[in-house]
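What follows is one structure encoded as structure tokens, with my remarks underneath.
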Amino acid sequence: MATRKLKYKPTKFMARTSHYDKAKADFAVEFIQCLTHTKGIWSGKPFELMPWQEQVIRDLFGTIKANGYRQFNTAYIEIPKKNGKSELAAAVALLLLCGDGEERAEVYGCAADRQQASIVFNVAADMIRMCPALAKRCKILSATKRIVYKPTNSIYQVLSAEAFTKHGFNISGVVFDELHAQPDRRLFDVMTKGSGDARTQPLYFLITTAGSDTNSICYEQHQKALDIIEGRKHDATFYPCIFGAAQEDDWTSPAVWRKVNPSLGVTIDIEKVKSACESAKNNPAEENSFRQLRLNQWVKQETRWLSVRRWDECKVDFTEKDLEGRICYGGLDLSSTTDLTAFVLIFPPETDDDKFFVLPYFWLPEETIELRSKRDHVPYDIWERGGFLNVTEGNVVHYGAIEEFIAELGERFNIREIAFDKWNATQLSQRLEDEYGFTMVQFGQGFSSMSAPTKEFEKLVLEKKIAHNGHAVLRWNIDNIIVRRDSDDYIKIDKAKSTEKVDGAVALVMALDRAIRCGASPTESVYDSRGLIFI
């Protein structure tokens, strides 16, 4: 393998009380480079660390505290696929097992399931078989996914998420592969919370690609790593390393590919990346996968229904005042008392060249804004300060305030109908009808009601016949959408599977249905004139 000479500079995350011990770093590097690759064209060739890999190893094993032990006990390595992640994880596991000088070391390989955890184990086992010195000293128990290093009676054992109930570990090292795939945080907590307290320098080596669940333990670690990198937090024991494209980066640019794939041209063929990019350009589902796996971007859902780029292309500069007096239709998605509530107005075209204009409004309880922002990693507080989010007094949504707000909108806009989901909204809808004279239309959330306007919404976005003013909360909702399909190809927005809130998108679809059916005059209906559009 062709390698470049690393001009090593100690990490900027070294604490003031630490120093770089070149001898310890050299030992770790030399141990790994005595191993061999095990797969494909590299099989049997020496494991020569690539510059990014060597930097990580030198930082972790060469940064030493005043007491002589390692500074870092947690390493978070996030990198796109095929950059040599599994091989590095296997090498670190063997270094902790055989080269760390720890008597009766306990090293564990963890993943979401046993099959995933076995990937790193199998690489480590093959590395031992191909290294005579280790083969003499290690016993491989393939059936139980266990390796014993006989000179110190140390073990390397595979565990999966199913083993979260097991306690009593005395951990010297953990290698967590694909942390983003963990179904919950239970195994992570068992393996990292106090389990290594009896060891002088335990190491929790977390290595993963980006995921899609922003409520996961992996995203929690991702956020901590970003906060440390960007100086918002300080933790001298946590080593952050993230190779990933920024959201504003051009995902089709080879320059971006090179920036985030440090092994490009060595373990990754750029022609394969090019081919995957071309395929993804016109397929939103593939784009989502490309950005997650090739660029290491956290995507909002596993299967993107509507590319947020398409939504952004519909942005038009207009103000509420520009729409005053025009006919419009509302959609109300009333939340539980503590959650996000959305009300969206749709203004149908008045001429053939006109568009469907969108005005969204959102509410949360004032007292929960700060807590939700920290807990959910969603910038509700920033949106509230920016005027994108309304708050009601107290710690629950005040339906009376929403009722009065909608009544005031009715004085400025010609709201012909308001569609609403009857769940949780019966009383409010009755008051809007009885007290303020609005025409309220009960709107079901099943396939038969939601499919046609949802498909029409997609069509209008792709044709740029929707106009919005870039509202931040609605954009976030649009980017969160996952749709469910039935056997007849009917679709609807799936709140349960969408990774974050989609209330504004649901309210938009309900309002759009009424706007399409009734148009700029009560007798006009696109559905009547040309039937349904199926996409």
Side-chain angles (χ1 to χ4, degrees), residues 311 314 316 318-334 341-352 354-363 402-403 405-423 425 428-445 448-461 463 465-469 471 473-474 477-478 492-493 502-530 532-533:
W311 174 255
C314 294
V316 175
F318 67 90
T319 66
E320 291 186 3
K321 191 171 182 60
D322 297 330
L323 300 172
E324 285 186 355
R326 282 185 56 169
I327 290 174
C328 61
Y329 299 84
L332 176 63
D333 191 4
L334 196 65
T341 286
F343 181 66
V344 176
L345 291 175
I346 299 287
F347 298 77
E350 294 184 330
T351 66
D352 290 341
D354 203 2
K355 300 174 185 287
F356 287 85
F357 282 81
V358 180
L359 279 183
Y361 304 91
F362 295 88
W363 292 266
I402 296 173
E403 175 186 311
F405 190 97
I406 293 175
E408 291 174 5
L409 292 178
E411 295 177 1
R412 300 169 55 201
F413 307 111
N414 187 355
I415 304 176
R416 289 285 178 85
E417 296 179 355
I418 297 176
F420 69 98
D421 174 11
K422 69 175 182 178
W423 186 87
L428 176 60
S429 65
Q430 194 68 48
R431 286 184 56 80
L432 287 172
E433 191 165 70
D434 294 344
E435 300 291 332
Y436 300 100
F438 288 108
T439 300
M440 305 300 294
V441 179
Q442 188 170 306
F443 202 96
Q445 301 298 295
S448 60
S449 299
M450 295 294 290
S451 184
T454 303
K455 290 183 177 183
E456 191 70 32
F457 171 55
E458 181 182 28
K459 178 178 181 292
L460 292 172
V461 170
E463 292 177 347
K465 291 183 179 179
I466 286 274
H468 63 84
N469 57 9
H471 194 283
V473 183
L474 182 58
N477 279 196
I478 297 297
K492 68 173 186 174
I493 296 173
V502 292
D503 309 81
V506 172
L508 187 158
V509 167
M510 291 193 293
L512 181 63
D513 178 87
R514 305 316 301 164
I516 290 173
R517 291 184 184 279
C518 303
S521 66
T523 58
E524 184 180 341
S525 172
V526 174
Y527 293 155
D528 293 339
S529 63
R530 59 131 172 90
L532 303 181
I533 290 293

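This is a predicted model, so every value here is computed, not measured.
- Smallest separation of non-hydrogen atoms from Leu359 and Phe413: CD1-CZ, 3.9 Å.
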Could you go step by step and tell me if Ile402 and Leu334 meet the side-chain contact (heavy atoms from CB on, under 4.5 Å) rule? CA-CA 10 Å; Ile402 296 173; Leu334 196 65; 4.2 Å; yes
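- Going from atom CD of Glu458 over to atom CD of Glu463 covers 10.5 Å, rounded to the nearest 0.5 Å.
- Residues satisfying the ring pair (Phe, Tyr, Trp, His ring centres under 6.0 Å) test with Tyr361, not counting sequence neighbours, are Phe405.
- A heavy-atom distance below 4.5 Å is not found between the side chains of Tyr329 and Asp513.
- For the pair Ile478/Val461, no side-chain contact is recorded, criterion being any heavy-atom separation below 4.5 Å from C-beta on.
- For the pair Ala467 and Lys355, the tightest heavy-atom approach, listed with the atom from each and the gap, is CB-CD, 3.8 Å.
- Between Gln445 and Met510, the closest side-chain pair of non-hydrogen atoms falls below 4.5 Å.
- Partners of Phe362 under the ring pair (Phe, Tyr, Trp, His ring centres under 6.0 Å) rule, at least two apart in sequence or in another chain, are His471.
- Ile493 CD1 to Phe457 CZ: the interatomic distance, rounded to the nearest 0.5 Å, is 7.0 Å.
- A heavy-atom distance below 4.5 Å is found between the side chains of Pro348 and Phe356.
- Under the side-chain contact (heavy atoms from CB on, under 4.5 Å) criterion, Ala507 pairs with Asp333, Ala342, Val344, not counting sequence neighbours.
- The shortest non-hydrogen separation linking Arg514 to Ala419 is CG-CB, 3.8 Å.
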Run Ile346 and Leu508 through side-chain contact (heavy atoms from CB on, under 4.5 Å) and show every step you take. CA-CA 7 Å; Ile346 299 287; Leu508 187 158; 4.0 Å; yes
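- Looking only at side-chain heavy atoms (C-beta outward), Ile406 and Ile418 come within less than 4.5 Å of each other.
- Shown here for Ser449 and Gly444, the closest heavy-atom pair between the two residues is CB-O, 3.2 Å.
- Under the salt bridge (charged side-chain N to carboxylate O under 4.0 Å, His left out) criterion, Glu433 pairs with no residue at all, not counting sequence neighbours.
- Within the structure, salt bridge (Lys or Arg N to Asp or Glu O under 4.0 Å) pairs that include any residue of residues 318-328 comprise Glu320-Arg412, Glu324-Arg412, Arg326-Glu350, Arg326-Asp354 (at least two apart or interchain).
- Within the 4.5 Å cutoff, the side chain of Leu428 has heavy atoms near those of the Leu332 side chain.
- What you find for Pro453 and Phe443 is that their closest heavy atoms are CG-CZ, 4.3 Å.
- One finds the CZ atom of Phe438 at 7.5 Å from the CG atom of Leu409 (value rounded to the nearest 0.5 Å).
- With rounding to the nearest 0.5 angstrom, the CG atom of Asn469 is 12.5 Å from the SG atom of Cys314.
- To the nearest 0.5 Å, atoms CD (Glu456) and CD1 (Ile516) are separated by 4.0 Å.
- Separating the OG1 atom in Thr439 from the CG atom in Leu432 is a distance of 11.0 Å, to the nearest 0.5 Å.
- Residues that satisfy the ring pair (Phe, Tyr, Trp, His ring centres under 6.0 Å) test with Phe357, not counting sequence neighbours, are Phe318.
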